[in-house]
Amino acid sequence: MNLASQIERYLPRQLLELVRDISKEANQLGQKAYLVGGVVRDLLLGYPNFDLDLVIEGDAVKLARQVAEIRQTKLIIHPRFGTAKLSYGNFTLDMATARGETYAEHGALPTVTPGTLNDDLFRRDFSINAMAMSLMPNNYGELVDPYQGRDDLEQHLIRILHLRSFSDDATRILRAIRYEQRLGFELEPQTAQRLKQDISMLDTISGDRIRHELELTFREKHPEYAIKRLGELGALQRINPCLKGNGWIAEKFDKARSLSKPGQLSSLYLCLLVYSLHERENEQLICRLNMPTKLARALRDTLRLKRRLHLLDKSSIKHSEIYYLLHQYDPLAIQANVVASESSTACSNLELFLTKLRYVKTSLNGDKLKRLGIPAGPELGKILQVLHKAKLDGEVKTRVEEEKLALLLKP
Ligand code: ATP
Ligand code: MG
């Protein structure tokens with residue numbers, strides 16, 4: 001099987017030129033270069049994928065340096081790992097020296113040794129991700145498929161490469177379900193059996209790695225499918241016994257997509273995932289997933305605000321009241337409550353805060369008040385607050401009106 005025509009068809013011209021340069025340079029250095037992983041899978045499926053991963057039998061760093069010089073691309077190298085990242089226009093391309101892996105302990109990061117392309121493919125998660133395409137001039141485009149990944153693609157199967165795969169690295173449990181649900185595939189029977197048997201191996205994975213895989217899941221078009229399935233398999237509950245992947249999640253994730261900015265969507269999904277947890281359970285999850293401070297704050301605020309939401313469930317509420325109820329919460333937590341709340345009145349008050357009230361500022365500030373003859377000190381702070389409140393409630397509109405009110409309040 002040769003994929004040369006597919007790569008011509010699917011890759012943008014810029015990226016294709018870069019790949020051709022790598023092919024030429026590798027050949028001159030006597031090295032062998034291959035495209036591997038997701039891009040090969042997606043070329044066979046006919047899906048666009050511009051995240052290129054290359055494996056080099058030889059010295060990836062040396063080759064990347066050479067190509068970066070010829071092409072004037074940006075280059076980041078990690079000599080210790082034998083990897084390099086080239087950035088070219090809007091595209092990036094990862095290059096790695098072929099390596100094999102052994103696992104000293106379940107869930108630990110593997111010990112890496114230099115190896116052949118086959119070693120490098122054997123350390124991968126599933127047969128459909130363990131294919132390569134040659135970039136050597138003499139067989140450019142040739143598919144390398146030692147684990148029958150192409151057959152599995154045709155039969156719509158996710159298959160591990162060996163029976164210890166999930167216990168070596170249980171993040172593959174989350175990855176298997178991500179591909180299963182994205183592609184509409186099934187777990188090959190033995191893979192399914194091992195996956196179920198090894199669910200407890202998730203305990204061996206660090207919080208950072210689980211969170212990373214969850215974030216990858218949240219980048220899917222419909223992460224709720226994978227979340228539901230992980231719930232059915234008991235994998236979610238292994239991360240935290242109170243997590244659920246039910247129909248409520250599906251409905252709310254869908255709503256989140258229609259309301260959120262793309263950059264925030266992943267964190268918003270997480271806030272929705274914890275929505276039904278108690279605060280203590282939420283703290284356990286924050287700890288288990290080693291959440292960064294900002295995200296942890298958004299999750300805590302989501303639940304704190306949920307408890308106070310009834311205070312916003314009235315249409316006669318003053319704008320200043322909405323402001324002071326909400327201004328200390330993380331905006332993401334407010335957004336999560338917009339998505340999660342069943343009360344349309346509370347929702348519109350939350351949205352009013354997010355779109356308007358939080359940006360309301362008085363024209364006067366401390367310096368300007370001092371110029372009006374108001375002395376510095378706690379009184380000045382209070383006057384500013386009264387002005388802000390009056391502005392929020394539409395009692396003053398212009399700067400002149402603010403000045404009048406300030407002078408009235410002058411001690
Ligand atoms: P996607 O389209 O989701 O990005 P991908 O195949 O590019 O798919 P990545 O998560 O970007 O997936 O990883 C790149 C490649 O690295 C995978 O194709 C797979 O071969 C390998 N890989 C990633 N994570 C693991 C893992 N935990 N165990 C084994 N191989 C892995
Ligand atoms: Mg990828």
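Indexing begins at 1, ligand by ligand and atom by atom, following the structure's order. Just the heavy atoms: all of them, side chains too, but no hydrogens, waters or symmetry mates, feed the values below.
On a distance-only criterion, L216 and ligand 1 share no N/O pair closer than 3.5 Å.
Y179 OH, 3.0 Å is the protein heavy atom nearest to atom 12 (O) of ligand 1. The protein heavy atom nearest to atom 16 (O) of ligand 1 is R124 NH1, 3.6 Å. For atom 30 (N) of ligand 1, the nearest protein heavy atom (residue, atom name, distance) is D125 N, 3.1 Å. The closest protein non-hydrogen atom to atom 26 (C) of ligand 1 is D169 OD2, 3.7 Å. Protein heavy atom in closest approach to atom 6 (O) of ligand 1: R41 NH1, 3.1 Å. For atom 28 (N) of ligand 1, the nearest non-hydrogen atom of the protein is R172 NE, 2.9 Å. R182 NH2, 3.6 Å is the protein heavy atom nearest to atom 1 (P) of ligand 1. Atom 14 (C) of ligand 1 has its closest protein heavy atom at D53 OD2, 3.8 Å.
Side-chain contact between Q181 and H222: absent, with no pair of heavy atoms (C-beta onward) separated by less than 4.5 Å. In this structure the side chain of Y179 reaches within 4.5 angstrom of the side chain of D125, judged on heavy atoms.
Rounded to the nearest 0.5 angstrom, L157 CG and L183 CG are separated by 11.5 Å. Separating the CD1 atom in I322 from the CD atom in E351 is a distance of 11.5 Å, to the nearest 0.5 Å. For the atom pair CG of N290 and CG of L285, the computed distance is 11.5 Å after rounding to the nearest 0.5 Å.
Listed by number with element, the atoms of ligand 1 under 4.0 Å from a non-hydrogen atom of T171 are 27 (N). Close approach of ligand 1 to R123 is summarised as follows: ligand atoms under 4.0 Å from at least one heavy atom of the residue are 29 (C), 30 (N). Atoms of ligand 1 found under 4.0 Å from any heavy atom of R175 (numbered from 1 in listed order, with element): 9 (P), 10 (O), 12 (O), 13 (O), 17 (C), 22 (N), 23 (C), 24 (N), 25 (C), 27 (N).
A ring-centre distance under 6.0 Å is not found for Y147 and F126.
Counting heavy-atom neighbours within 6.0 Å of Q328 CD, excluding the residue itself, gives a total of 12 or less.
With 3.5 Å as the limit, one finds a donor-acceptor pair spanning the side chains of Y269 and R257.
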